[in-house]
Protein chains: 2
Amino acid sequence: MRVSTKGRYGLRVALELALRYGGSPVPVREIAENQGISEKYMEHLISILKNAGLVKSVRGAKGGYVLSLPPSRITLLDIIKPLEGELSPVECVDNPGICDRSSTCVARDIWRRVKERVEGILRSITLQDLVDEHNRRVSAGFMYYI
Amino acid sequence: MRVSTKGRYGLRVALELALRYGGSPVPVREIAENQGISEKYMEHLISILKNAGLVKSVRGAKGGYVLSLPPSRITLLDIIKPLEGELSPVECVDNPGICDRSSTCVARDIWRRVKERVEGILRSITLQDLVDEHNRRVSAGFMYYI
DNA sequence: AAAATTCCTACCACGTCAATAGGTTTTCGG
DNA sequence: CCGAAAACCTATTGACGTGGTAGGAATTTT
């Protein structure tokens, strides 16, 4: 039941772009450095987000990436889905034809509920929520050291 | 975010044992035949359930497996956990030390909530619930053909 | 004794994931 | 106009987990 690094890293990328929303385009190199992830791999991940229409690119020098929508209008599900594919624990939830027991299978119902809940959580949280929470923690951490 | 065949098959095995709870021990061969799964592989899976204390074995001829508790006292989480391991979408939920950002990571909180929800669902359903639902469907299917 | 069954350990083939490599194209600044 | 900075594209690789197999040893019933 693990999310791959695509989903994990991708979420961190999106958060970084959200924190800098409204500013100049952010090059992959910067994100990769901040996150301690290979630049080349990051490039690959962000191209998935681009194809999904979540980020826009600016080519050439001084280029980089920006979110194509305000953080408040992007849910975590929007980000995770293109990176991870369907969030079903089992194939037959999305594709009943794969198993001839699907129509009466009691297990399938369980897996369907699991998927719905997971999607529900991710859909209910926006990037802006994460930004707010992040800022709360940073300022709390700052206060702590005074 | 997929559950492996271990979890899927294991759940079906448990359901079969639950349907036959109170009867004589069920040999692996029978379960494997009913489910269309390799006997050898099934053997391996059921030994995991045995080590977890969910089923008891009776060795020798006329032997087999039985649930070690009534179906109403076994939750789906009890079954899935030994087969699949922790249900965390990311490692750091169970093992914060793996990442030095854990203490302030906003993403980690999300993944923790996902895990809690998934576990919550699986913990709220017992094998007896599945048995009841199964029986309901069987009799409904029967009525349908009259 | 023979058959049925659990139990144990090792092995392997395959696919996916994570990552790397090596370029080509576009754009800005001077 | 040139060079640097950046996105973009395609292919390849290495490692690992998953799913499944093999062969036999131990235990119990008939």
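Throughout, protein chains are lettered first and strands after them, A, B, ... in sequence-line order, and every chain is numbered starting at 1. Both backbone and side-chain heavy atoms feed into the values below; hydrogens, waters and symmetry mates do not.
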Ignoring backbone atoms, test whether [X] places a side-chain nitrogen or oxygen under 4.0 Å from the OP1 or OP2 oxygen of [N].
X       : N      : result
B:Ser47 : C:dC7  : no
B:Ser38 : D:dT21 : yes
B:Lys40 : D:dG23 : no
B:Lys62 : D:dT28 : no
A:Arg59 : C:dT25 : no
A:Ser4  : C:dC17 : no

Kindly point out which of [options] is positioned nearest to the side chain of [X]?
X       : options               : result
A:Arg29 : D:dA6, D:dC8, C:dA3   : D:dA6
B:Thr5  : D:dA5, D:dC8, D:dG20  : D:dG20
A:Tyr9  : C:dA21, C:dA19, C:dT5 : C:dA19
A:Ala61 : C:dC7, C:dA4, C:dT27  : C:dT27

I need the minimum non-hydrogen distance between A:Leu130 and A:Leu76, along with the two atoms involved.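 For A:Leu130 versus A:Leu76, the nearest heavy atoms are CD1-CD2, 3.9 Å.
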Taking A:Asp78 for its side chain and A:Thr75 for its backbone only, find out whether a donor-acceptor pair lies under 3.5 Å. yes
Rounding to a whole Å, what distance do you find between A:Tyr41:OH and C:dT16:C1'? 11 Å
